[in-house]
Trainee: 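Below are the structure tokens for one structure; questions will follow.
Here, residue 1 is the first one in the sequence, and each next residue gets the next number.
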Amino acid sequence: MTAARIMAAQQQQQQQQQQQVLQDTTRLASSTMALQVVFRVLTFALNAFTLRYVSKEIIGIVNVRLTLLYTTVVFLAREAFRKACLSHSAQQSWRRTVNLTWLAVPLGVCWSFALGWLWLNVLEVPDPAVIPHYGTGVVAFGISAVIELVSEPFWVLAQAHLFVRLKVIAESLAIIARCSVTVLLVLIWPQWGLVIFSLAQVLYTSLLSLCYILYFVKFLGSQEAEKKSFPLRSMMEFLPRYSVSQDFLDWKQAWLAWSFFKQSFLKQILTEGERYVMTFLNVLSFGDQGVYDIVNNLGSLVARFVFLPIEESFYVYFSKVLERGKNIKSQRREEIAAASEVLESLLKLVTLIGLVIIAFGYAYSQLALDIYGGSLLSGGSGPVLLRFYCLYVLLLAINGVTECFTFASMSKEEVDKFNYIMLGLSLSFLCLSYYMTSWLGSIGFILANCFNMGLRIAHSLYYIWKYYRDSPYRPLSGLAPSPVVICVLVVSAAVTGYSEVIK
């Protein structure tokens, strides 16, 4: 009887621990999402301000060329180690995990030297008379990447133990400091150009790393550390150390990191595909790169703040309602009907939002860019880019909903097969981007994105049609708006378009 009570108490304790982990993870996810919103809003406001004081060529160099250098160094140096170290199990030693995370620093130094040399000696260098201090910018962004990597052991331990507030506070302070310094220096010494953004970037990564280090200086040895059973006891234990009693590294974990590195290398190329095409193939001038980056950020606001939350939330819904990998005959009729109704309603909603953006986008693109960036954006190719981007927003909306249903109901084998399809689509997108941009300029990037997104939508629509074909439900009918809605949107587009033409 006593043994049974002990087992019951242990099970109850495990359930409480699992519930606490779930709550902490939820808080971390929501805090990270809020941080992303703050980051986007601050970046949006910063770009709107700086556009009135610096040239679009400098914006292109900073937002595309130098930022790509920084993100490439950081991603290639730490992403694989992060995944491997966060896969930590009870049998693994935190001592060896800390040693492994420190390898990101020398790897980051090597990547900084290699890519910095490439950025300075192989890629097209801007005219010093037009954009001075380019070399300073390359060095500063490379150094900032290494500075951020110094905090990697602290970040991994904080993430593994779900230190929610630390991540939010550290990144928020660093972002606010970078924005404030940029605005202040642009107001006082706008002629400094790239030097301003270089100083702000180094300040950002330095403050970010310092926040993590100072937090653990205060945290270690405290009652909270004892309560959390934190595995390290002093700051010296965060430094790499060799022990005679055990290997310097957990080689199983190290080989796992190598596997992740090979995946990360390809992922980085595909994620930053547009910027790599712009940087290495010189298909756009620095000024056009700046305008494209600004229009891309402006046009994707709706996708980030409206469509992405819908996609993420209803992926969870479909995952709970539908049984992965089973056809509809093997599932409850009520759940299939509910999923169909929700999917149809979501498609109606996002299609309507996308069509409204297209209907009014043509007439108001120039006004929006004039308000945001002044004549620098509204007087060149910016309005045409934003008008084409309105079409891309509609495709983004439809793809987000259809893929969230598709991924929630696919079997593991179907998901693995789709990953190969995605790889092929991504590589074809890179090739198509190069040729269409060489032919059409910046618009080519948007059209290549539209083509790629159209193929993904076609795949998802075929999957959904096949999924429901043996049932009376037709959720894809949500893609067809009512005739009244179409008439209203056509009249609105015609009236606003005519007012744009005759102004």
Trainee: Could you report the tightest heavy-atom contact between Pro481 and Leu355, atom names first, then the distance?
Mentor: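 Between these two residues, the closest heavy atoms are CG-CD1, 3.6 Å.
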Trainee: Is there a side-chain contact between Asn449 and Phe429 in this structure, where contact means two heavy atoms from C-beta onward sitting under 4.5 Å apart?
Mentor: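 SC-SC contact between Asn449 and Phe429 confirmed.
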Trainee: Under 4.5 Å between any side-chain heavy atoms of Ile58 and Phe197, yes or no?
Mentor: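 SC-SC contact between Ile58 and Phe197 confirmed.
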Trainee: Any side-chain heavy atom of Val342 sitting closer than 4.5 Å to one from Phe405?
Mentor: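 Counting from C-beta outward, Val342 and Phe405 never come under 4.5 Å.
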Trainee: Strictly under 6.0 Å, is that where the ring centroids of Tyr53 and Trp189 end up?
Mentor: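 No.
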Trainee: In chain order, what residues pass the ring pair (Phe, Tyr, Trp, His ring centres under 6.0 Å) check against Phe451, with sequence neighbours excluded?
Mentor: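 With neighbours one apart ignored, the set is empty.
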Trainee: One pair to check against side chain to side chain contact (heavy atoms under 4.5 Å, CB included): Tyr134 and Leu120. What are the steps and the verdict?
Mentor: CA-CA 8 Å; Tyr134 172 72; Leu120 289 171; 4.1 Å; yes
Trainee: Kindly compute the distance separating CZ (Arg65) from CD (Glu124), expressed to the nearest 0.5 Å.
Mentor: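 Reported value, rounded in 0.5 Å steps: 6.5 Å.
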Trainee: Kindly indicate whether the side chain of His459, heavy atoms from C-beta on, has any atom under 4.5 Å from the side chain of Tyr462.
Mentor: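 They are not in side-chain contact.
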Trainee: In terms of the angle between their ring planes, are Tyr392 and Tyr389 parallel, tilted or perpendicular, with boundaries placed at 30° and 60°?
Mentor: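 Tyr392 and Tyr389: perpendicular rings.
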Trainee: A side-chain contact here means heavy atoms from C-beta on lying under 4.5 Å apart; do Arg178 and Leu203 qualify?
Mentor: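 Not in contact.
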Trainee: Can you tell me how far apart CD1 (Ile59) and CG (Asp293) are? Round to the nearest 0.5 Å.
Mentor: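 Between atom CD1 of Ile59 and atom CG of Asp293 there are 8.5 Å.
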Trainee: Under the side chain to side chain donor-acceptor pair (under 3.5 Å) rule, what do Ser409 and Tyr463 come out as? Steps first, then yes or no, please.
Mentor: CA-CA 10 Å; Ser409 56; Tyr463 175 87; 3.1 Å; yes
Trainee: Are any side-chain N or O atoms of Ser340 and backbone N or O atoms of Ile336, one a donor and one an acceptor, separated by less than 3.5 Å?
Mentor: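 Between the backbone of Ile336 and the side chain of Ser340 there is no qualifying donor-acceptor contact (under 3.5 Å).
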Trainee: Would a distance-only check, ignoring hydrogens and angles, find a side-chain to backbone donor-acceptor pair under 3.5 Å from Ser499 to Thr496?
Mentor: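 Yes; judged by distance alone, with no hydrogens or angles, the pair exists.
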Trainee: Would you say the side-chain atoms of Thr351 pair up with the backbone N or O of Lys348, donor to acceptor, closer than 3.5 Å?
Mentor: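 Side chain of Thr351 to backbone of Lys348, a donor-acceptor pair under 3.5 Å: no, none is there.
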Trainee: So, are Lys56 and Asp288 salt-bridged, with charged N and O less than 4.0 Å apart?
Mentor: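 No salt bridge links Lys56 with Asp288.
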Trainee: Work out which heavy atom in Asn63 is nearest to a heavy atom in Arg275; give both atom names and the distance.
Mentor: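 That would be O-NE, 3.4 Å.
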Trainee: Between Thr402 and Asn399 (side chain of the first, backbone of the second, donor and acceptor by atom type, cut-off under 3.5 Å), is there such a pair?
Mentor: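 Between the backbone of Asn399 and the side chain of Thr402 there is a qualifying donor-acceptor contact (under 3.5 Å).
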Trainee: Roughly how far, to the nearest 0.5 Å, is the CD1 atom of Ile457 from the CG atom of Leu479?
Mentor: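 If we round to the nearest 0.5 Å, Leu479:CG and Ile457:CD1 are 8.5 Å apart.
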Trainee: Please name the pair of heavy atoms, one in Leu394 and one in Gly354, separated by the smallest distance, quoted to 0.1 Å.
Mentor: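 That closest heavy-atom pairing would be CD1-CA, 3.7 Å.
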Trainee: Judged by atom type as modelled, is there a donor-acceptor pair below 3.5 Å linking the side chain of Thr205 to the main-chain atoms of Ile147?
Mentor: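 Side chain of Thr205 to backbone of Ile147, a donor-acceptor pair under 3.5 Å: no, none is there.
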Trainee: Decide side chain to side chain contact (heavy atoms under 4.5 Å, CB included) for Thr72 and Tyr276; before the verdict, give the C-alpha distance in whole Å, the side-chain angles of both, and the deciding distance to 0.1 Å.
Mentor: CA-CA 10 Å; Thr72 302; Tyr276 283 117; 2.7 Å; yes
Trainee: Distance check, rounded to the nearest 0.5 Å: Leu447 atom CG versus Met436 atom CE?
Mentor: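 It comes to 4.5 Å.
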Trainee: Can you give me the closest heavy-atom contact between Leu199 and Leu185, atom names plus distance?
Mentor: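 Scanning both residues completely, I find the closest heavy atoms to be CD1-CD1, 4.2 Å.
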Trainee: Could you give the distance from CG (Leu352) to CG (Leu489), rounded to the nearest 0.5 Å?
Mentor: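 Here the interatomic distance stands at 6.5 Å.
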Trainee: Are the side chain of Gln366 and the backbone of Pro383 linked by a donor-acceptor contact shorter than 3.5 Å?
Mentor: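 No.
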Trainee: Ring pair (Phe, Tyr, Trp, His ring centres under 6.0 Å) between Trp119 and Phe280: does it pass, once the steps are laid out?
Mentor: CA-CA 9 Å; Trp119 256 241; Phe280 286 92; 5.7 Å; yes
Trainee: Would you call Ser442 and Val291 a side-chain contact if the rule is heavy atoms closer than 4.5 Å?
Mentor: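 They are not in side-chain contact.
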Trainee: Using a 4.5 Å cut-off on heavy atoms from C-beta on, say whether the side chain of Cys211 contacts that of Ile169.
Mentor: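 No - every pair of side-chain heavy atoms lies 4.5 Å or more apart.
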Trainee: Scan residues 431-454 for pairs that pass salt bridge (Lys or Arg N to Asp or Glu O under 4.0 Å), counting only residues two or more places apart or in two chains.
Mentor: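 Non-adjacent pairs meeting salt bridge (Lys or Arg N to Asp or Glu O under 4.0 Å): zero.
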Trainee: Assess whether atom CD of Glu341 is packed by more than 12 heavy atoms of other residues, nucleotides or ligands within 6.0 Å.
Mentor: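 It does not: Glu341 CD has 12 such atoms or fewer within range.
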Trainee: Any side-chain hydrogen bond (donor to acceptor under 3.5 Å, both in side chains) involving residues 468-492? Give me the pairs, sequence neighbours left out, ordered by first then second residue.
Mentor: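 Every side-chain hydrogen bond (donor to acceptor under 3.5 Å, both in side chains) pair that includes a residue of residues 468-492, provided the two are not neighbours, is Glu344-Ser477.
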Trainee: Give a yes or no answer on whether the side chain of Ser460 reaches the backbone of Thr406 with a donor-acceptor pair at less than 3.5 Å.
Mentor: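 It does not hold such a pair.
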Trainee: Between the side chain of Ser151 and the main-chain N/O of Glu148, is any donor-acceptor distance below 3.5 Å?
Mentor: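 Indeed, once roles are kept as given, a pair shorter than 3.5 Å links the two residues.
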Trainee: Rounded to the nearest 0.5 Å, what's the gap from OH on Tyr292 to OG1 on Thr437? Could you check?
Mentor: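 Reported to 0.5 Å precision, the distance equals 8.0 Å.
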Trainee: Check whether any side-chain heavy atom of Ile353 lies under 4.5 Å from a side-chain heavy atom of Val393, and answer yes or no.
Mentor: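 Not touching, per the 4.5 Å side-chain cut-off.
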Trainee: Parallel, tilted or perpendicular: which fits the ring planes of Tyr70 and Phe141, with parallel below 30° and perpendicular above 60°?
Mentor: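 Perpendicular: the ring planes of Tyr70 and Phe141 meet at over 60°.
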Trainee: Between Ala158 and Leu166, what is the shortest heavy-atom contact and its length?
Mentor: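 Scanning both residues, the minimum pair turns out to be CB-CD2, 3.7 Å.
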Trainee: Looking just at side-chain N and O atoms, do Asn296 and Glu274 make a donor-acceptor pair shorter than 3.5 Å?
Mentor: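 The criterion, which ignores hydrogens and geometry beyond distance, is not satisfied for Glu274 and Asn296.
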Trainee: Taking all atoms of both residues into account, what is the closest heavy-atom pair of Leu68 and Thr71, and its distance?
Mentor: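 Leu68 and Thr71 have their closest heavy atoms at O-OG1, 3.2 Å.
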Trainee: The test is side chain to side chain contact (heavy atoms under 4.5 Å, CB included); show your working for Thr136 and Leu194 and say whether it passes.
Mentor: CA-CA 8 Å; Thr136 302; Leu194 290 179; over 6 Å; no
